[in-house]
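What follows is a short report on a single structure.
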Amino acid sequence: MNILKQYKLNDGFLLRYQNLVCNEVIPYQKKILDDKIEGVEKSHAMENYRQAAQLLEKGKCDGEFYGMVFQDSDVAKWLEAASYSLSIKYDPELEKEIDSVIELVGRAQMSDGYLNTYFTVKEPGRQWTDLQEAHELYCAGHMIEAGVAYYESCGKDSLLKIVMKLADCIYNHFITEKAPGYPGHPEIEEALMRLYGATGEKRYMELALHFINVRGEDSDFFMKESQSRGWSVWGSWNGDKEYTLCHKPVREQMDAVGHAVRAVYLYTGMADAAYASKDKSLEEACLNLWKSIVNKRMYITGSIGSAYEGEAFTKDYHLPNDSTYGETCASVGLIFFANQMLRLQKKSEFGDVMERVLYNGLLSGMELDGKKFYYTNPLECIPGITGKAVNLRHVLEQRPAWFPCACCPPNVARLLTSIGKYIYSVEDENGCGKVWVNLFADGELNLSQYKRKIICKTKYPYGGSVNFTVTSEEGEKYLSDKFTLAIRIPSWSKKTRIYRNGKILSDHYLNIKDGYAYFTDFFLAKENIRLEFDMSVKKIYANPKVYSDNGKVAFTRGPLVYCAEGFDNDGDLLSVRIRKNPHAKVLGYNPDELSGVQKISVRAKRIKSDDNNECLYSDKKAAYEKINLILIPYYAWNNRGVNQMRVWLPQE
């Protein structure tokens with residue numbers, strides 16, 4: 001079923017973000033793609049399509065290709081986000097704008113279905129000769145996802161026809177003509193699975209499985225390709241097989257390695273293909289890679305990728321805070337992966353991670369006004385060092401308005417406009433509906449095929465009460481049919497109270513399996529289920545193998561990770577120590593600060609200012625004064641100017 005057409009947010013935290021994306025971010029990003037905003041990085045992405053169309057129609061063009069080799073993907077992701085926006089709030093002017101872009105994309109497509117402005121304008125005749133660097137399949141994948149999104153959101157197949165022709169071109173090259181190779185940057189695997197889901201054409205799943213199965217079978221493929229072609233986009237093959245995830249066949253890969261975005265995009269496609277093909281060996285491989293990420297290589301915020309070099313995973317428990325890479329796109333990709341794992345196995349651990357990433361590692365990638373964005377998401381910022389020290393130049397003190405490599409901003413937009421399909425999962429079993437609630441938001445799901453509606457009321461993530469009302473369209477008792485509602489119980493809630501029709505349920509009357517509470521046999525025309533989560537502040541300690549966090553503590557409340565900013569704490573965090581008994585206090589919700597935020601106060605101590613001096617080292621023990629340290633949700637940091645920030649704080 002198409003959840004996006006049947007679900008809408010009604011109020012609350014995520015609706016604010018969704019409105020922001022629809023009303024501000026999508027128009028803003030389109031202007032950037034058209035080079036209509038002064039003072040930001042030039043995109044030229046739309047102009048690249050115009051140049052390609054002109055070349056195909058007239059045999060020459062009056063301009064040049066500009067930007068990254070994957071510049072096309074920015075347009076594709078904008079199209080995807082804009083398509084989802086129409087399913088949220090219909091806008092005829094936006095639909096016309098989308099149709100105009102699609103018309104241009106179609107004009108830039110070659111007669112055999114090939115579509116890529118870099119190779120059409122800048123490197124004609126060199127198609128498919130640099131799979132490692134050139135991102136042809138990556139760009140194709142994003143455009144395919146856009147085509148599916150527009151079709152599912154509006155029922156219009158104009159872009160779907162274009163991307164089917166493109167996918168058929170790729171199928172002909174790699175399957176029919178048996179060309180060797182696999183993507184340097186995975187993405188098309190998950191895109192082809194989505195195209196298969198939308199069209200039912202099995203050749204698209206066959207092509208996705210082909211790219212998954214051949215990956216790493218010849219781990220020297222990129223080296224051979226580099227030696228044979230005589231040209232390169234950047235610097236040709238450097239021999240790092242882990243970076244490109246081709247060091248082993250995917251079923252033999254046990255550790256999450258290499259470029260973090262490429263990795264989770266690949267794993268998402270693998271999990272989707274495993275579900276559709278019922279391939280247990282592929283499912284087991286996905287589970288191994290999942291465990292590697294969440295048990296040993298993921299930050300407390302859900303961010304992944306510890307190193308600037310290669311934007312990559314490094315080693316187990318290597319999670320430095322100040323040099324974190326934590327690319328926003330990797331957070332988006334991890335949500336994709338978690339959601340596909342939920343399809344394979346209905347276990348709350350996948351929803352727990354999806355939630356953690358969403359509210360922390362993802363939202364931190366966009367300023368609260370939707371006009372500035374982070375590529376990297378550090379867990380510590382020290383102005384004067386962050387962004388300045390040679391090993392920290394990739395970590396910026398402030399979010400820029402755009403990037404030369406602008407993959408992250410439209411990625412955030414497409415995720416937030418499609419959030420409904422992550423909140424709920426729906427499956428049919430012999431005409432009986434099964435609904436899983438994976439995330440919590442104030443909204444409603446209209447299940448007309450089951451003659452039911454699920455309405456959720458909540459102040460989440462700041463309020464811990466989540467109230468579900470299940471109603472019948474016909475307004476009569478359910479006597480003969482079955483319906484199942486399964487609600488995730490977050491692992492962070494140590495004491496969850498569950499009520500049904502006003503009565504608290506004891507363990508004896510609860511059916512809890514793998515972290516979900518299952519409810520069946522809805523006999524009343526209107527039934528109510530309410531969950532009360534434990535919203536106490538939690539002190540979090542890292543595994544001692546994470547040496548960057550030894551002797552430190554972090555704070556969470558509900559799904560939110562908190563941090564300290566200098567703005568609230570006299571500018572200085574470096575001399576602060578959390579006291580042994582911090583006695584955390586939740587302050588009142590302020591709707592006017594940071595777009596609505598609830599702060600936390602914890603007891604701490606700070607080195608007295610009169611003990612600070614110019615000596616680098618001293619044999620004199622510092623004297624401390626007691627203070628109350630103010631914490632804010634991590635997603636809201638760096639919205640009040642450059643200042644210090646720390647998630648992990650030393651404890652006495």
Side-chain angles (χ1 to χ4, degrees), residues 2-11 14-40 42-54 71-109 115 117 142-163 198 366-373 401-402 406 409-421 443 446:
N2 184 0
I3 288 181
L4 296 183
K5 281 195 168 185
Q6 297 177 267
Y7 178 76
K8 69 173 183 177
L9 291 167
N10 287 333
D11 199 2
L14 289 180
L15 181 63
R16 189 199 82 81
Y17 270 100
Q18 204 169 71
N19 287 338
L20 177 68
V21 171
C22 292
N23 299 332
E24 303 292 337
V25 176
I26 288 174
Y28 173 77
Q29 291 187 358
K30 180 56 166 58
K31 289 178 181 177
I32 287 179
L33 296 176
D34 278 322
D35 301 324
K36 291 183 178 178
I37 296 183
E38 297 292 332
V40 304
K42 180 181 176 181
S43 169
H44 205 73
M46 292 304 305
E47 185 59 29
N48 287 338
Y49 276 100
R50 296 186 185 100
Q51 294 298 322
Q54 189 180 72
Q71 210 78 348
D72 286 6
S73 65
D74 294 345
V75 174
K77 281 183 278 189
W78 181 86
L79 280 169
E80 186 178 355
S83 298
Y84 293 141
S85 176
L86 291 179
S87 69
I88 298 166
K89 181 180 67 174
Y90 179 66
D91 181 344
E93 292 304 313
L94 178 59
E95 185 176 15
K96 288 180 183 178
E97 191 167 21
I98 292 172
D99 287 338
S100 175
V101 175
I102 291 172
E103 188 269 337
L104 176 60
V105 170
R107 288 170 51 208
Q109 185 172 36
L115 178 62
T117 68
H142 276 302
M143 192 59 75
I144 289 169
E145 292 205 79
V148 173
Y150 196 45
Y151 176 68
E152 290 180 343
S153 297
C154 300
K156 298 173 74 170
D157 65 359
S158 51
L159 187 53
L160 187 69
K161 289 179 178 177
I162 291 171
V163 300
M366 183 171 70
E367 202 139 303
L368 292 172
D369 65 358
K371 299 293 179 66
K372 293 182 179 179
F373 306 88
W402 205 247
N411 232 356
V412 172
R414 70 174 179 141
L415 188 285
L416 291 174
T417 47
S418 62
I419 195 65
K421 64 182 180 181
N446 186 1

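Here, residue 1 is the first one in the sequence, and each next residue gets the next number.
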Quick check: does any side chain N or O of [X] sit under 3.5 Å from a backbone N or O of [Y], one acting as donor and the other as acceptor?
X     : Y      : value
Gln18 : Leu9   : no
Asp34 : Lys36  : no
Asp35 : His44  : yes
Trp78 : Ile26  : yes
Tyr28 : Lys371 : yes

Audit row: Gln109, Met143, side-chain contact (heavy atoms from CB on, under 4.5 Å) steps and yes/no
CA-CA 12 Å; Gln109 185 172 36; Met143 192 59 75; over 6 Å; no

Nearest-0.5 Å distance, OG of residue Ser153 to CG of residue Asn2
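Between atom OG of Ser153 and atom CG of Asn2 there are 6.5 Å.
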
If you measure from CG on Asp72 to CE on Met46, what distance do you get to the nearest 0.5 Å?
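Output value for this atom pair is 10.0 Å.
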
Is it true that, when you exclude [X] itself, more than 12 heavy atoms of the residues, nucleotides or ligands shown sit nearer than 6.0 Å to its [atom1]?
X      : atom1 : value
Lys372 : NZ    : no
Lys156 : NZ    : yes
Lys31  : NZ    : no
Tyr151 : OH    : no

Check [X] against [Y] and note the closest heavy-atom contact, atom names and distance.
X      : Y      : value
Cys22  : Ser85  : SG-OG, 3.3 Å
Glu152 : Ala198 : OE2-CB, 4.4 Å
Ser87  : Tyr84  : OG-O, 2.6 Å
Gln29  : Ala413 : OE1-CB, 4.2 Å
Ala82  : Leu94  : O-CD2, 3.9 Å
Trp402 : Ser43  : NE1-CB, 4.3 Å

With distance as the sole criterion, is a donor-acceptor pair present between the side chains of Asn19 and Lys89 under 3.5 Å?
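Not at all, the side chains of Asn19 and Lys89 share no donor-acceptor pair under 3.5 Å.
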
Do the side chains of [Y] and [X] get nearer than 4.5 Å, heavy atoms only?
X      : Y      : answer
Leu415 : Asn411 : no
Gln71  : Thr117 : no
Glu95  : Leu86  : yes

Suppose we screen for ring-ring contact (aromatic ring centres under 6.0 Å, His included). Which residues come up paired with Phe373, at least two apart in sequence or across chains?
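By the ring-ring contact (aromatic ring centres under 6.0 Å, His included) rule, Phe373 matches no residue at all.
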
Can you check side-chain contact (heavy atoms from CB on, under 4.5 Å) on Tyr17 and Thr417, steps first, answer last?
CA-CA 9 Å; Tyr17 270 100; Thr417 47; over 6 Å; no

Candidate pair Leu15 and Asn10, rule side-chain contact (heavy atoms from CB on, under 4.5 Å), full reasoning
CA-CA 7 Å; Leu15 181 63; Asn10 287 333; 5.8 Å; no

Ion pair check, Glu80 and Lys77, cut-off under 4.0 Å:
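No, no charged N to carboxylate O under 4.0 Å.
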
With sequence neighbours excluded, tell me which residues meet side chain to side chain contact (heavy atoms under 4.5 Å, CB included) with Ile102.
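Checked Ile102 against side chain to side chain contact (heavy atoms under 4.5 Å, CB included); matches are Leu79, Ile98, Asp99, Tyr150, Ser158, Leu159, Ile162.
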
